[in-house]
Each structure stands twice: as structure tokens, then as C-alpha cells.
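Have a look at the structure below, then the notes.
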Number of protein chains: 2
Amino acid sequence: MRHNNKINCIDCENTNCFIKKHCLDNIEQSVRIHENKFVNRYTKNQLIFMEGNFVDSINFIQSGRVKVFKKGAFGKDQIIRLISDGEIFGHRGLSDAEKFSISATSITDTMICSFDKPFFFKLLKSTPELTFNLMLYFANELNHGENKLRDLAIFNVREKVAKALITIIAAYGLNKENEINHAHELSRQDIAELVGLNSNQVTKILADLKEDNILETDNKKIKIINLKKLKEIVNI
Amino acid sequence: MRHNNKINCIDCENTNCFIKKHCLDNIEQSVRIHENKFVNRYTKNQLIFMEGNFVDSINFIQSGRVKVFKKGAFGKDQIIRLISDGEIFGHRGLSDAEKFSISATSITDTMICSFDKPFFFKLLKSTPELTFNLMLYFANELNHGENKLRDLAIFNVREKVAKALITIIAAYGLNKENEINHAHELSRQDIAELVGLNSNQVTKILADLKEDNILETDNKKIKIINLKKLKEIVNI
DNA sequence: GAATTGGTATGATATAAATCATCAATAATC
DNA sequence: GATTATTGATGATTTATATCATACCAATTC
């Protein structure tokens, strides 16, 4: 992690970003944002912050991919979100929590824009549009979270694996060859941690799905043959 | 469900309510709020709204208790929240969702204050303080949701039952006899649906916990003997 | 290119969970 | 107060899941 030449938000190509969308109306504020922005670069698999750390920042992905996860008992982690360009994270720290309740690591090479909490609060107070849209965004995230909760409570192992694959596809898409995990960043263990399984179970179900001509595996590579059938497993 | 004599928010005793806390600063707005407020009374076990219904309102509990749940496959529902006085629900509908992704029913006799969505949006726009605090509230709810997700993914049946009981206690407390309040309104099935089990499993674990002197059961009544030990099961 | 490492694949086994059948207790209805 | 539903309790059985042991494969290091 090291400081880097900062891109000004105005020049940033990331149109998905909350700051870009809602905070650059007046010049004065744009300047203050640039002054208060920290930009850090992370290489693959670096820890960005850890559960228990003092909440000192709100973060946005300028480019790259990040996994947000929680530590559970017996080293059984749970991946909460897979996110990419423009998405905000660490925002649970906006509530009265003093410490991060989650950890975050980079999956690929990643650039993160951060603001310290007091500045971000000032920004929220002076930009109702930002606050409003953040509120809507959170309402939507709550929706997703509740769907996930129900799914985890009800799904069997096969359905959970299908769900995990679909989650990855929703977050990062498929490449031209219909493969997920393009750069082979996500292990069986990661897939397992998305849905509360262990890597062994994932491997076995992947073999079953291969048998059923739903996908093909070649080491870490997973090629989707029949996305429709995969989705049918989880009823979508 | 029938319309009722409306209490004016200013006279309402519910200090926990978002509207009460953030929206009554100016007289003009107070009047508009009162004019646009619908108050409905529900008796025990009535459906307030159902998953799939068109989102037409944002709701607050004036008094009473409500369970918010999602329908899953094979009639296996999942209880998302147990809430009471002052709490907001149906707010996932604030996002672009057109239809409720959850159902809500009254657990006890309950009074619900509602605003239609367009009015509530206007209220949010004209009251940044409300929007801001709602945003923080949602951030906090996201935290809770993620904890629950991890717990469901990792806990075994015994731990899940303990978790369910603690959830009920956190929501509705214990009475003087250390009994789970309103336990007679929550069935084994409800306890099961809090943590993705079936009623049979709950019954069995309750018998175990009785054996371990952690609680006593007498039909629907559940009396907590050793709360500390109960919490230890889920590591809190 | 042999050796090490980290992840993946797979069958056997042990354990946990879900289901089923039955009975008992309570609440609701007439 | 007898009858009928409903819900809770419990043991037996089936099924699903988690764990273990081992082998395999590919990438990396020496």
C-alpha cells in the first residue's frame, strides 16, 4: 500500500461512483474532495482493512476487485460481498460502530479512493443528494442481503454452489469464452465461503455439475456451458 | 384492518419514532405529516402486507409487535426481523423495487402509521436530517444482517436455536419471571423460521437445553434459567 | 528436472440433520 | 364438557452433510 498520483474525480472514468455522480456540482466542493481524498494502490490479495480495525475511512473502488468478508469461528470465514469499480465499502462503519465488522482484501490489482470519516460526514451533511442516494442504495442492499439470508437458510449444498457461481457471475461477469474467474483469482475455498460450505463440497458439486453438462472445469477455470440450467437450480 | 382516530405525532408517546425525532421542527410540516398519515389497527396474526404487493407505503409501528418474513420454496418461510414500537418497516420498498420483497404480519394487537411512497419521498427531500438518520439506521441494519448471515452459514442446529432465542429476547425482552415475552405468540415454527430450521428440530433442542438447565419449557412458555450459558452457546 | 508447495479431485467414513410416525397436551368449537 | 383441530414431544429411520485420507496436478523453487 502506497500513496499514488491522485486522479481528480472530474477526470475519473468511473461513472458508477457516488462521488462522481452526486458531489461535483460546485467547484469549491470538488476542490475540497480532491484535497481530502486518499488514493491507494493494492496488488492482488492484499489486506485493505481488517475486522476490528478502528473505522477511519469510507472507501470507493476506483478500479479493480475487492472481497468483503467476516471472520467466523474455526477459521470459517464468510464472504459478504464481491465488488468492483465504483462500489462503496466500509460504509457499515458510518453507523455508530467504532470498529470495522468486516475485513476487505483485493482480489485483483486495485485502486481505492478513501475519505476519512469526519470529512465524509461533512460531505454528507452538505450534499443531501448524496445522502439520499446512499440511503436508497442501502435500502437496496438490505433487500439483497435478505434474499441471501433466505437462500442460505433453505438451499442444499448443490443449490448453494449454484448460487455462489451466479453471485460471482453477477459481480464480475463472464468473459468471451463464457468463463468465470477469468484471472483465476477465486479458489474453491472462496466459492465455499460465499455460501457457508467447505472447499471439498464445492469441488464435489462442481464435478456433479460437469457431469450434468452445466459447466466444465479445468483446474481453477470454470466455463459455463448452460447458464439457464444453472439458474434453474436456484429457481431464477 | 380499519381506519382509526389518528393520534397526532406531537402527542404520540413513542419517542423512538423517526418521524417524532426528526420531522416535527416546523409547524407547517407537522400539519402535512398529520394529514398524510394513515393509521391502521391490526389484531393478532393479521397480514399487514404481502410479498409481491405493490409498494404503496412506508410503515412505522406506533405500538405492538410485527414479524417481517420472506416466503421460500416448499412453504419454508424465513423470518427477517422481529420489530416493535417506533420501528420502520417496508423501507426496502424505498429502493427502485416496485413490489414488496417481504411480507409482514402482526404478532400482537398493533397500530401501524403509514405514509404513501410519494409523500414520504417529499418528506425525505425536505428533511435532510431524516434522510441522514435513516441512512445511518440502514448502515446499522446492514451490519446486523451480515452478522446474521455469517451465523446462519456457520452455526449448527443447537447454536441456531440459541441464536433464535437470543434474537427474540433482544427484540421483545424477558418478563419479570425471566420468561420470553409473548412466547405464547411465537410457535416452535416461528422460532425455526428465524434460523432456517423446522419446528421438530426446535422442539428437540429445547428439550436438550432444558436438560442442561439453561431453560424450562411449559408448552409455549419458555423461561430462561441461565442466560449467560445460552449466550455462550453462540459465543456472545 | 527433482522437490516443494498450494490447490484440486475423489472415495470412504463418521456425524449431523431432516423426515416420518406416533402420541400427548393444549386450545378452540360446538 | 365432549369433540375436533392444532401444536408440541419423542424415538426410529432415512438422507444429507462434513470430515478424513489419499492421490493428483500444476506452478514455483532450488
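Reminder, nothing fancy here: chain letters follow the sequence lines and each chain counts from 1. As the structure is a computational prediction, the values presented were derived from the model and not from experiment.
The distance from atom CG of B:Leu206 to atom P of D:dT7 is 17 Å, rounded to the nearest whole Å. The separation between B:Lys220 atom NZ and C:dT26 atom P is 13 Å, rounded to whole Å. Separating the CD atom of B:Gln189 from the P atom of D:dT6 is a distance of 14 Å, rounded to the nearest angstrom. Summarising the geometry, the separation between CD1 on B:Ile205 and P on D:dT10 is reported as 13 Å, rounded to the nearest angstrom. Regarding A:Leu186, its CG atom lies at a distance of 19 Å from the P atom of C:dG6, rounded to whole Å. When rounded to the nearest whole Å, the span between NZ of B:Lys221 and P of D:dA9 equals 13 Å. In this entry the distance linking CG of B:Asn198 with P of D:dG8 reads 12 Å, nearest Å.
For the pair B:Phe100 and B:Met50, the tightest heavy-atom approach, listed with the atom from each and the gap, is CB-O, 4.0 Å.
Under the rule for a salt bridge (charged side-chain N to carboxylate O under 4.0 Å, His left out), the partners of B:Asp212 that lie at least two apart in sequence or sit in another chain are B:Arg158. Residues satisfying the salt bridge (charged side-chain N to carboxylate O under 4.0 Å, His left out) criterion with A:Glu141, sequence neighbours excluded, are A:Arg81, A:Arg92. Taking the ring-ring contact (aromatic ring centres under 6.0 Å, His included) definition, one finds that B:Phe89 meets it with B:Phe49, sequence neighbours left out. Taking the salt bridge (charged side-chain N to carboxylate O under 4.0 Å, His left out) definition, one finds that B:Lys67 meets it with B:Asp190, sequence neighbours left out. Remark: A:Cys12 engages A:Ile7, A:Asn14, A:Gln62 in a side chain to side chain contact (heavy atoms under 4.5 Å, CB included) (not counting sequence neighbours). Residues satisfying the side chain to side chain contact (heavy atoms under 4.5 Å, CB included) test with B:Glu211, not counting sequence neighbours, are none. For A:Asn178, the side chain to side chain contact (heavy atoms under 4.5 Å, CB included) criterion is met by A:Leu174, not counting sequence neighbours.
Listed by first and then second residue, the salt bridge (charged side-chain N to carboxylate O under 4.0 Å, His left out) pairs involving residues 222-236 of chain A are A:Lys228-A:Glu232 (not counting sequence neighbours). For the salt bridge (charged side-chain N to carboxylate O under 4.0 Å, His left out) condition, the pairs that include at least one residue of residues 163-173 of chain A, sequence neighbours left out, are A:Asp151-A:Lys163.
For the segment residues 207-217 of chain B, the set of residues with a heavy atom within less than 4.0 Å of an atom of DNA chain D comprises B:Ala207, B:Thr217, in numerical order.
Among A:Thr203, A:Val202, A:Asp208, the one residue that satisfies the side-chain contact (heavy atoms from CB on, under 4.5 Å) test with A:Leu206 is A:Val202.
In this structure, A:Arg188 does not reach the C:dG6 phosphate: none of its side-chain N or O atoms is under 4.0 Å from OP1 or OP2.
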Could you encode protein contacts along nucleotides 22-29 of chain D as a string, one character per nucleotide from 5' to 3', using B for base contact, S for sugar-phosphate-only contact and - for no contact, with a heavy-atom cut-off of under 4.0 Å? --------
Each nucleotide N or O in nucleotides 11-17 of chain C that has a protein N or O under 3.5 Å away: list the pair and distance.
{"unit_1": "C:dG11", "atom_1": "O6", "unit_2": "A:Lys204", "atom_2": "NZ", "d": "3.2"}
{"unit_1": "C:dA12", "atom_1": "N6", "unit_2": "A:Lys204", "atom_2": "NZ", "d": "3.3"}
{"unit_1": "C:dA17", "atom_1": "OP1", "unit_2": "B:Val157", "atom_2": "N", "d": "3.1"}

